[in-house]
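Below, chains carry the letters A, B, ... as their sequence lines are ordered, and counting in each starts from 1.
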Number of protein chains: 2
Amino acid sequence: MADLARELNVSMTTVSRALSDHFSIGPAMKQKVLKLAKKYNYQPNRMASALRKGKSKLLGIVVPYIEGRFFPSVVHGIEKAASKAGYNVIICQSNEDVAQERRSLDSLLSAQVAGVLVSLSRTTLDYRHFDKLRARGVPLVYFDRVVEGESVNAVVLDDREGGYLSTRHLLDQGCRRIAHLAGPQHLNIYKNRRQGYFDALREAGLPPDEELIVYTDMQQQQGAEAMRQLLAQPSPPDAVFGSGDYCAFGAMQEAKRQGLRVPDDLAIAGFSNESFTLVTEPAITTIDQRCEEMGQAAVRLLLEIIEAQGTLFTPRQVVLRPELLVRPSSQRRVEVAEAVPVLNGRMY
Amino acid sequence: MADLARELNVSMTTVSRALSDHFSIGPAMKQKVLKLAKKYNYQPNRMASALRKGKSKLLGIVVPYIEGRFFPSVVHGIEKAASKAGYNVIICQSNEDVAQERRSLDSLLSAQVAGVLVSLSRTTLDYRHFDKLRARGVPLVYFDRVVEGESVNAVVLDDREGGYLSTRHLLDQGCRRIAHLAGPQHLNIYKNRRQGYFDALREAGLPPDEELIVYTDMQQQQGAEAMRQLLAQPSPPDAVFGSGDYCAFGAMQEAKRQGLRVPDDLAIAGFSNESFTLVTEPAITTIDQRCEEMGQAAVRLLLEIIEAQGTLFTPRQVVLRPELLVRPSSQRRVEVAEAVPVLNGRMY
DNA sequence: TTGTACGCGTTATCAT
DNA sequence: ATGATAACGCGTACAA
């Protein structure tokens with residue numbers, strides 16, 4: 001900037017204003033400055049700007065990990081929305097570890113981020129480390145794995161609705177003994193999916209049967225193990241709603257191994273729309289979590305809060321509607337000819 | 001810092017030095033400062049530090065997108081390695097678009113990153129925008145989709161070896177007419193995979209047959225379409241080596257649809273170890289690309305260059321060895337009982 | 001061992 | 001419409 005100012009025989013103030021399109025600078029001057037800036041390949045130093053203004057153009061993300069389908073897609077959505085708004089995104093992984101989550105937050109604070117998006121680690125039971133953000137006036141939006149309550153900003157999928165839709169669908173297919181592979185109940189996503197399952201049963205006038213609920217860690221093996229338990233019962237289930245695709249798939253494998261036909265003897269539904277659910281035989285009915293929308297919604301909310309800095313902002317919880325994807329694993333009566341499922345995957 | 005200095009009746013210099021563990025500060029003083037810093041919840045301002053020192057603790061990543069299996073895993077590896085070294089990572093997506101790739105670089109320069117990791121967009125044919133980095137003294141490491149040549153720093157998979165291993169394996173299974181679903185040849189990864197295919201054939205004394213090579217965009221549908229073409233030929237192939245898992249899967253579906261048995265009538269191998277390859281029937285033989293290692297290796301190389309700033313550093317190309325994962329889609333003679341394949345996927 | 005004073009690149013304030 | 005100046009938070013050359 002100093003170079004430009006010298007060459008144009010104006011002050012740095014003028015240059016700065018011209019570059020940031022300040023109204024008090026004449027169009028002629030602006031043109032001259034911009035042209036010279038281009039010529040010299042001037043790059044604004046955002047750090048200096050942020051230091052001076054006390055406002056950076058950085059957002060922080062803290063996720064448990066970047067793998068599988070869910071988090072990468074959400075991050076994808078976040079980065080897309082953020083960059084459109086002129087923000088860059090710093091990403092941190094907590095690796096499902098509170099201590100690392102804490103360190104990530106400190107790191108982001110040091111980096112002077114303008115706001116933070118968090119999905120809680122599985123081992124986070126105490127939320128005090130997030131107070132630091134508040135204390136420093138850094139807005140926070142949770143997504144998916146959130147702190148419950150009206151006092152936080154959060155974007156979540158309606159997991160209850162997802163559980164409800166799945167179970168309801170299985171009921172519609174004529175199933176009456178629907179088992180549920182539940183996830184760790186201290187995570188509200190799994191609690192809510194189970195609640196949706198209960199709600200659908202109740203609505204259908206079926207009493208919940210504890211025998212039909214198996215608690216798992218959501219892995220494929222545990223799904224298979226759970227299936228073994230369920231099939232060993234005197235009156236085994238005629239359908240399974242799994243809280244996740246991996247365990248649902250494990251259950252399906254075990255059922256097939258024992259000679260059951262899917263969906264005729266046993267209908268199956270999973271959760272998360274993992275890409276592999278499209279290529280199993282049969283393809284697995286599942287719930288799409290609107291990952292990318294979730295990321296976008298989270299960024300929108302966060303930017304809103306950032307812009308409302310100073311003003312009082314009433315915390316808001318955004319709830320996204322899940323989408324039920326009906327596939328052969330649960331379709332007992334095929335009414336319409338089914339299109340061949342196609343992976344719309346990337347080239348790698 | 002000013003507050004601490006005042007409270008301890010020392011200068012900011014002393015505080016600064018104590019916090020950065022400078023040798024000229026006595027242990028007693030250090031303790032006092034650190035204690036008070038903790039009490040006041042002091043967070044260093046990295047921006048100010050970076051501005052002053054001209055060196056930030058930020059690395060930039062530019063990837064085409066964050067989806068599928070490959071890039072998320074590499075990013076995972078990068079973030080892990082970077083944070084271990086005290087760096088934060090800013091992530092940008094080019095969305096396979098040169099213009100956006102350019103903007104991402106500008107953005108990262110503005111953010112004053114200490115170094116950049118890039119995997120080229122599919123539409124990048126001209127590399128001049130990367131000169132800006134050099135001009136500004138910002139080290140650059142390419143990974144996977146790289147600029148060819150000895151003059152750049154890069155980490156790549158030995159794609160040729162991957163193609164060779166796959167084809168060699170198919171030959172070992174007794175296949176003699178091995179088709180190849182090739183990818184866009186201006187991307188070296190696909191060129192190299194094809195080269196490996198050629199090499200294996202030559203080694204086995206088989207002449208390459210252009211009839212057996214179909215060029216695709218790597219999508220599932222094109223794989224199926226390619227399979228149709230191949231099976232319509234007078235002497236159809238007895239094996240297919242696909243440059244990617246999606247097109248290999250499309251080919252397999254089409255083959256099954258036409259009544260062929262896999263692997264007996266047609267053996268199939270893909271590339272990339274997408275998670276779905278484990279759950280198809282049969283599970284698809286593929287090549288693991290060592291995604292996480294690639295990320296780590298890229299960071300290691302980048303940090304080496306950063307630390308060698310000023311010194312002359314000879315550009316280096318790191319080549320990772322691919323791993324062939326043999327699965328039922330290509331195994332004609334099962335010699336050992338196969339363990340049940342298990343998705344080691346995350347809980348979502 | 002500690003302190004003084006300046007500068008990193010930018011922008012807000014006040015003056016012209 | 002433009003300029004002079006100070007300040008954001010930190011690190012360091014130099015002096016003490």
Taking the basic N atoms (NZ, or NE/NH1/NH2) and the acidic carboxylate oxygens, is any pair closer than 4.0 Å for [X] and [Y]?
| X | Y | result |
| --- | --- | --- |
| Glu96(B) | Arg145(B) | yes |
| Glu67(B) | Arg69(A) | no |
| Arg6(B) | Asp3(B) | yes |

Rounded distance (Å) that lies between atom [atom2] of [N] and atom [atom1] of [X]:
| X | N | atom1 | atom2 | result |
| --- | --- | --- | --- | --- |
| Arg6(A) | dA4(D) | CZ | P | 14 Å |
| Ile25(A) | dA12(C) | CD1 | P | 13 Å |
| His22(A) | dA1(D) | NE2 | P | 11 Å |
| Asp21(B) | dT1(C) | CG | P | 13 Å |
| Arg136(B) | dC8(C) | CZ | P | 17 Å |
| Met29(A) | dT2(D) | CE | P | 7 Å |

Worksheet item: Looking at SG of Cys291(B) and CD of Gln296(B), how far apart are the two atoms once the value is rounded to the nearest 0.5 Å?
Response: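 If we round to the nearest 0.5 Å, Cys291(B):SG and Gln296(B):CD are 11.5 Å apart.
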
Item to complete: Measure the spacing between CG of Leu140(A) and CG of Asp131(A) and express it to the nearest 0.5 Å.
Response: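 Reported value, rounded in 0.5 Å steps: 10.0 Å.
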
For the side chain of [X] and the backbone of [Y], is there at least one donor-acceptor N/O pair under 3.5 Å apart?
| X | Y | value |
| --- | --- | --- |
| Asn95(B) | Pro64(B) | no |
| Lys30(A) | His22(A) | yes |
| His76(B) | Phe71(B) | no |

Give [X] one of three labels, base, sugar-phosphate or nothing, depending on what nucleic acid heavy atoms sit under 4.0 Å from its own.
| X | answer |
| --- | --- |
| Thr14(A) | sugar-phosphate |
| Gly54(B) | nothing |
| Asn9(A) | sugar-phosphate |

Worksheet item: If the sugar-phosphate is the primed atoms plus P, OP1 and OP2 and the base is the rest, what is the B/S/- string for nucleotides 9-16 of chain D, using protein heavy atoms under 4.0 Å?
Response: BBBBBB--

Fill in: Stretch residues 106-115 of chain A: residues that reach within less than 4.0 Å of DNA chain C through a heavy atom
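The stretch gives none, as no residue of it lies under 4.0 Å from the strand.
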
Discussion item. Listing request: all salt bridge (Lys or Arg N to Asp or Glu O under 4.0 Å) pairs with a residue in residues 99-118 of chain B, at least two apart in sequence or in separate chains.
Written reply: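 Residue pairs passing salt bridge (Lys or Arg N to Asp or Glu O under 4.0 Å), neighbours aside: Asp106(B)-Lys132(B).
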
